[in-house]
Amino acid sequence: MTSTICKHDEFCGGCSYRDIPYAEQLKNKEDEIRKLFQLKNLQPEEFLPIQASPRTEAYRNKMEYTFGDEVKGGEMNLGLHRKGRFMSVLTTDDCKIVDPDFNKILSAVLSFCREKEYPHYNKKSHKGFLRNLILRKGIRTREILVNLVVSSQGVLDKESFLNVLNGLSLDNTLVGVLVTVSDSLSDAVKPESVELLQGRDYYMEEILGLKFKVGPFSFFQASVEAAENLYRSALSLIPDIDGKTVFDLYCGTGTITQAMALKAKLAVGVELNEEAVAAAKINSELNNLDNCKFIAGDVLKVLDDLTEKPEVIVVDPPRSGIHPKAMGKILSYNVDQIVYVSCNPKTLVENLESATYAGYKIKSVQGFDNFPHTKHIECIAFLSK
């Protein structure tokens with residue numbers, strides 16, 4: 001399987017591996033995982049072959065584009081940052097890892113903003129109007145949400161903006177258009193106000209047979225079909241979950257928590273991000289699950305206050321991995337089974353080293369390529385006491 005040629009490949013910082021045949025990408029990523037385990041002298045009982053992504057193109061359901069220029073004082077662009085030059089922005093209007101509708105919307109919004117001569121926000125001077133365009137899509141529902149992020153230093157012609165979007169011929173359905181005002185000095189979007197111009201402020205998605213309501217800033221898996229494969233594989237490692245109390249730590253919007261709740265007696269999800277927890281609670285109600293419990297807070301602190309005792313633990317931490325103190329508390333439950341879902345094999349092996357000292361065996365390890373053409377690797381490790 002080879003990669004589709006992308007006209008942005010030479011300069012775009014998005015897909016660093018696109019010029020490598022896909023089969024070779026998979027081999028390189030699997031080799032990387034194996035080497036990390038060898039460096040820590042960790043020997044899983046079974047190393048399963050890396051699982052390819054269901055899609056190698058048009059797999060991302062979210063993109064956060066930036067307004068800027070490629071050279072100082074040049075024409076305004078909208079897209080991704082140039083490789084190795086964070087201040088430079090390329091217009092990525094033919095990106096291959098997103099739905100073609102994303103490219104149509106990007107092009108239309110950029111033309112509209114150029115015509116209106118709106119200035120883009122400058123990260124150094126902190127002056128300007130246009131900041132980001134965030135597009136989100138329900139892969140299963142084919143619903144698109146458009147969110148234009150601006151500063152308070154300008155006024156948007158809202159009616160004309162809507163006319164441009166509504167005039168597009170899209171294969172998906174435009175279900176909501178929003179304008180977010182963010183005057184944060186950092187590059188991260190920190191909404192101070194969000195105005196709904198049209199439709200609704202969320203889209204619907206389906207994963208593992210469950211329904212999810214996803215808001216403009218909710219965390220959700222960026223590659224739904226690949227994430228579904230990952231989660232299905234993780235859940236298959238604990239087939240005897242029926243009637244048990246399970247913990248899903250670093251649960252995000254509670255996808256795995258809710259999937260486990262279909263069989264478990266009680267599924268407890270813990271997540272630091274309060275918005276993600278609020279979304280998880282809404283979605284569990286949407287799926288008629290009354291045996292889910294979601295708690296907002298730091299895992300390290302929350303575990304001190306929980307009265308429930310788990311029989312199975314699933315962890316899905318951020319790239320930084322699990323803090324050693326939190327890892328110690330997790331291991332102290334002494335459960336028979338731990339499933340570790342990781343988005344960073346480097347921190348995974350560090351945490352697994354601690355687990356082996358605590359008497360756990362690494363039964364199996366498997367890599368998942370959820371983001372083809374990029375350096376990112378997902379991984380599942382199954383631990384048994």
Side-chain angles (χ1 to χ4, degrees), residues 1-63 80 83 92 94-100 139-140 207-208 220-237 255-256 314-319 321 339-352 362-383:
M1 187 186 298
T2 56
S3 303
T4 304
I5 294 173
C6 176
K7 74 176 187 181
H8 309 300
D9 185 46
E10 184 179 357
F11 300 112
C12 177
C15 298
S16 51
Y17 294 169
R18 179 166 284 279
D19 57 343
I20 301 173
Y22 188 56
E24 190 176 338
Q25 291 182 38
L26 291 175
K27 181 181 182 303
N28 291 346
K29 289 182 177 184
E30 184 170 315
D31 288 346
E32 184 180 337
I33 297 170
R34 289 178 180 271
K35 286 176 183 176
L36 288 168
F37 275 81
Q38 289 168 3
L39 286 171
K40 289 289 185 180
N41 200 27
L42 296 173
Q43 297 178 334
E45 292 183 11
E46 187 176 24
F47 235 123
L48 298 169
I50 190 168
Q51 191 168 129
S53 172
R55 296 191 198 190
T56 58
E57 309 294 351
Y59 61 81
R60 282 196 66 94
N61 64 3
K62 177 189 174 184
M63 287 296 277
L80 303 180
K83 198 180 300 181
T92 49
D94 192 29
C95 179
K96 301 300 182 185
I97 63 173
V98 298
D99 188 291
I139 297 295
R140 299 274 160 68
I207 187 168
L208 294 173
F220 203 74
Q221 293 75 17
S223 179
V224 165
E225 292 161 321
E228 191 170 55
N229 282 352
L230 178 80
Y231 293 156
R232 191 178 287 118
S233 296
L235 293 168
S236 71
L237 296 171
T255 310
I256 295 181
V314 175
V315 295
D316 188 1
R319 291 188 59 78
V339 178
Y340 193 132
V341 181
S342 171
C343 59
N344 185 357
K346 290 181 180 179
T347 52
L348 168 67
V349 295
E350 292 171 2
N351 288 150
L352 293 191
I362 307 172
K363 302 294 286 184
S364 66
V365 172
Q366 184 173 23
F368 290 77
D369 185 35
N370 288 11
F371 303 99
H373 317 309
T374 75
K375 63 182 180 181
H376 299 296
I377 310 172
E378 305 280 320
C379 205
I380 294 177
F382 180 48
L383 308 180

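From a predicted model like this one, the values you see are computed outputs, not experimental measurements.
Without hydrogens or angle criteria, His373 side chain to Thr56 main chain gives a donor-acceptor distance under 3.5 Å. In this structure, the side chain of Gln366 does not engage the main chain of Leu48 through any donor-acceptor pair within 3.5 Å. The closest donor-acceptor contact from the side chain of Arg140 to the backbone of Ile207 lies at 3.5 Å or more, if one exists at all. In this structure, the side chain of His8 engages the main chain of Asp94 through a donor-acceptor pair within 3.5 Å.
Looking at Asp369 and Ile377, their side chains never come closer than 4.5 Å, going by heavy atoms from C-beta outward. By the 4.5 Å heavy-atom criterion applied to side chains, His376 and Cys343 are not counted as neighbours. Counting heavy atoms from C-beta outward, Val349 and Leu39 have side chains that stay 4.5 Å or more apart. The shortest side-chain heavy-atom distance between Gln51 and Ser233 falls under the 4.5 Å cut-off. The side-chain heavy atoms of Pro44 and Phe382, taken from C-beta on, include no pair separated by under 4.5 Å.
Using a 4.0 Å cut-off between charged side-chain N and carboxylate O, Arg18 and Glu57 make a salt bridge. The pair Lys346-Glu350 does not meet the salt-bridge criterion, since no charged nitrogen lies less than 4.0 angstrom from a carboxylate oxygen. Contact check on Lys29 versus Asp31 returns no salt bridge, with no Lys/Arg side-chain nitrogen under 4.0 Å from an Asp/Glu carboxylate oxygen.
One distance of note links CD1 of Ile362 with CG of Leu348; it measures 8.0 Å at 0.5 Å rounding. Taking CD of Glu378 as the reference point, atom CG of Asn370 lies at 4.5 Å (rounded to 0.5 Å).
Pairing each heavy atom of Pro372 with each of Tyr59, the nearest pair is O-OH, 2.7 Å. Scanning all heavy atoms of the two residues, the minimum distance from Ala52 to Leu26 falls at CB-CD1, 3.8 Å. Between Gly367 and Ile33, the closest heavy-atom pair is CA-CD1, 3.7 Å. Among all heavy-atom pairs drawn from Ser53 and Ala226, the shortest one is OG-CB, 4.3 Å. Scanning both residues, Phe368 and Asn229, for their nearest heavy atoms gives CE2-O, 4.1 Å. Considering every non-hydrogen atom in both Leu208 and Tyr231, the closest pair reads CD1-CB, 3.8 Å.
Other residues, nucleotides and ligands contribute more than 12 heavy atoms inside 6.0 Å of the NZ atom of Lys7. For Gln43, the CD atom is loosely surrounded, since the number of other residues' heavy atoms within 6.0 Å does not exceed 12.
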Verify side-chain contact (heavy atoms from CB on, under 4.5 Å) between Arg319 and Thr347, making sure each step is shown before the conclusion.
CA-CA 7 Å; Arg319 291 188 59 78; Thr347 52; 5.9 Å; no

The test is side-chain contact (heavy atoms from CB on, under 4.5 Å); show your working for Tyr17 and Lys375 and say whether it passes.
CA-CA 7 Å; Tyr17 294 169; Lys375 63 182 180 181; 3.6 Å; yes

For side-chain contact (heavy atoms from CB on, under 4.5 Å), just list the numbers for Phe371 and Arg60, CA-CA rounded to whole Å, side-chain angles, deciding distance to a tenth of an Å, and then say yes or no.
CA-CA 8 Å; Phe371 303 99; Arg60 282 196 66 94; 3.9 Å; yes

Determine, stepwise, if the pair Val365 / Ile380 fulfils side-chain contact (heavy atoms from CB on, under 4.5 Å).
CA-CA 6 Å; Val365 172; Ile380 294 177; over 6 Å; no

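When only modelled atom types and interatomic distance are considered, Thr255 and Gln221 share a side-chain donor-acceptor pair under 3.5 Å.
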